[in-house]
Amino acid sequence: MKENTAIGIKDLHKQFGDQKVLDGINLDIERGKITVIIGKSGGGKSVLLKHLIGLVKPDKGEIWVDGLDIVKLNEKELNETRKKFGMLFQEAALFDSMNVYDNVAFPLREHTKLSEKAIERAVEEKLKRVGLLAFGEKMSSELSGGMRKRVGLARALIMDPDIVLFDEPTSALDPVISVTIEDLIRETQTHFQKTYVVISHDILGMFRIADKVAMLSNGRIVAEGSPNEVRRSNNEMVQEFMRAVKMPALSGGNYA
Amino acid sequence: MFENLLQRIISPVENIFREFGSIGLMFYQSIYWMFRRPFKFDYILKQMEFVGLNSVLVVVITGVFTGMVLALQSYHGFRKFGSEGLVGMTVALSITRELGPVLTALMVTGRAGSAMAAELGTMRVTEQIDALMVMALNPIKYLVAPRIIASFIMLPLLTIIADFVGIVGGYIVGVKLLGINEGAYINKTIQYLDLDDIYNGLIKAAVFGVILSVVSCYKGFYTSGGAEGVGRATTEAVVVSSVSILISDYVLTSIMF
């Protein structure tokens, strides 16, 4: 495994019933970069992401994080590795029994012995970074989709994790809010210099913020590299994606 | 043909046993996590409030009217033999041994068991349970164990209330409304009602508390299929809990009395 690899995925297989979801994934995720895994909806992206943090066990294959194959770890060892991760879920997965402040403070309260004062400082710093400092008292049910994602991001970052996973960060958001979330992902990554792994089908938005792109198709990685390299790839799947997002006005199409 | 038929008989039975196995496994894990630090007292207290305190009113109403109707029914029966004095004893024994614990458990299942399944089910389908796991926190410890402990403690306490108000309800109907001799009513009750009757009823209640919380949490915890799945889990939690309570009541009674 190369020195700058944060997560090394080797020959990962997963099958649900007769359906092969992951069919031999090989991918090295670079440390301190944003890696975006692009693929069709229902194409196994979420399943792949859940493997990285041990929520799903593979049928076969290895996932190396800091010199440990997390597939082979027991629950206790796995939890030690999980502390290096943060995750932003698709619908943010905020605890609806708690307000925004308590949601963000929760991991600190459970895992550290910090004083309430120190927790308050940490939570306010993170809430400020996502632009929601004034919303600490709100319950998660009172927030819009975009705000929930921002709180989810603050919570994912609160333990200063080495690796942050994003499950479809811009799905179900309008284009304007999507852009602000993308910018926030880019900004926080530039600031904290952590490893970000994003899965998405939003190829346009993600090419804007990605350092590396990997294309997932039929359970395999069919193209990977910088956004420009992937854009120029001859792979059929990549081309299909690129065609689908070309807007008439931008491509000078025949829709006048 | 024959194999097919055999398969159709065996597979539902197999499913039932598999489910009982999974429920048992969850109970075992909960017990394991109950005794691991740090203890989640605030979570347990919150659940005790929800399962116990918030059920008091419904348990009181159930208890009073059960005691009242028992007195009314048994009065009409006993009057034919001129032994109205036995009404008090009948009410007290029926309530403390059977109706107190069973009806309390069924009411709490309807009120709190359904809510447990719906709450955990919603947390499952909105990935809140996954979020706990990603934070390296065990969801059984945070979500399931406190509910089981709370139910185990609160069901006997609620049953004491049900027993008390049930007996009072019987007294009001028997003595005040139907005019049974007060001395006979109270004497017979004290003469035939042993503390063991009450204790055994409370043991039953504790067992029912464990059953309804484990089953409801299990159904919620393993929900799948969005909002529809949550609805299904809630219904199944109430049905399976109630049936299990009634079956285990027979088993417990046959052992105890």
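Keep in mind it's a predicted model, so treat the numbers as computed, not measured. In what follows, every heavy atom counts, from backbone to side chain, and hydrogens, waters and symmetry copies are set aside. Each chain gets a letter, A, B and so on, in the order its sequence line appears, and its residues count up from 1.
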For this session: Would you please test B:M135 and A:R155 for side chain to side chain contact (heavy atoms under 4.5 Å, CB included) and show each step?
Result: CA-CA 10 Å; B:M135 291 173 191; A:R155 189 178 69 180; 3.3 Å; yes

Which members of [range], sorted by number, sit under 4.5 angstrom from chain A on a heavy-atom basis?
| range | answer |
| --- | --- |
| residues 147-168 of chain B | none |
| residues 43-59 of chain B | B:Y43, B:K46 |
| residues 126-134 of chain B | B:T126, B:E127, B:Q128, B:D130, B:A131, B:L132, B:M133, B:V134 |

Seminar exercise, completed: Highest number of heavy-atom pairs under 4.5 Å with chain B among A:E91, A:E110, A:K83, A:K50 belongs to A:E110

Kindly check if the number of other-residue, nucleotide or ligand heavy atoms within 6.0 Å of [atom1] ([X]) is above 12?
| X | atom1 | result |
| --- | --- | --- |
| A:E137 | CD | no |
| B:E228 | CD | no |
| A:K113 | NZ | no |
| A:F16 | CZ | yes |
| A:K20 | NZ | no |
| A:K84 | NZ | yes |

Where on [X] is there a heavy atom nearer than 4.5 Å to chain B: the side chain, the backbone, both, or neither?
| X | value |
| --- | --- |
| A:L78 | neither |
| A:D167 | side chain |
| A:Q90 | both |

For this session: Kindly say whether B:L137 contributes a backbone atom to a donor-acceptor pair with the side chain of A:H111 at under 3.5 angstrom?
Result: no

Problem set entry | Nearest-0.5 Å distance, CZ of residue A:F106 to OH of residue B:Y142 | 5.5 Å

Exercise. Is there any side chain to side chain donor-acceptor pair (under 3.5 Å) pair reaching into residues 16-37 of chain B, and which pairs are they, with sequence neighbours excluded?
Worked result: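 Side chain to side chain donor-acceptor pair (under 3.5 Å) check on residues 16-37 of chain B returns B:E14-B:R18, B:E19-B:K219, B:Y32-B:R36.
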
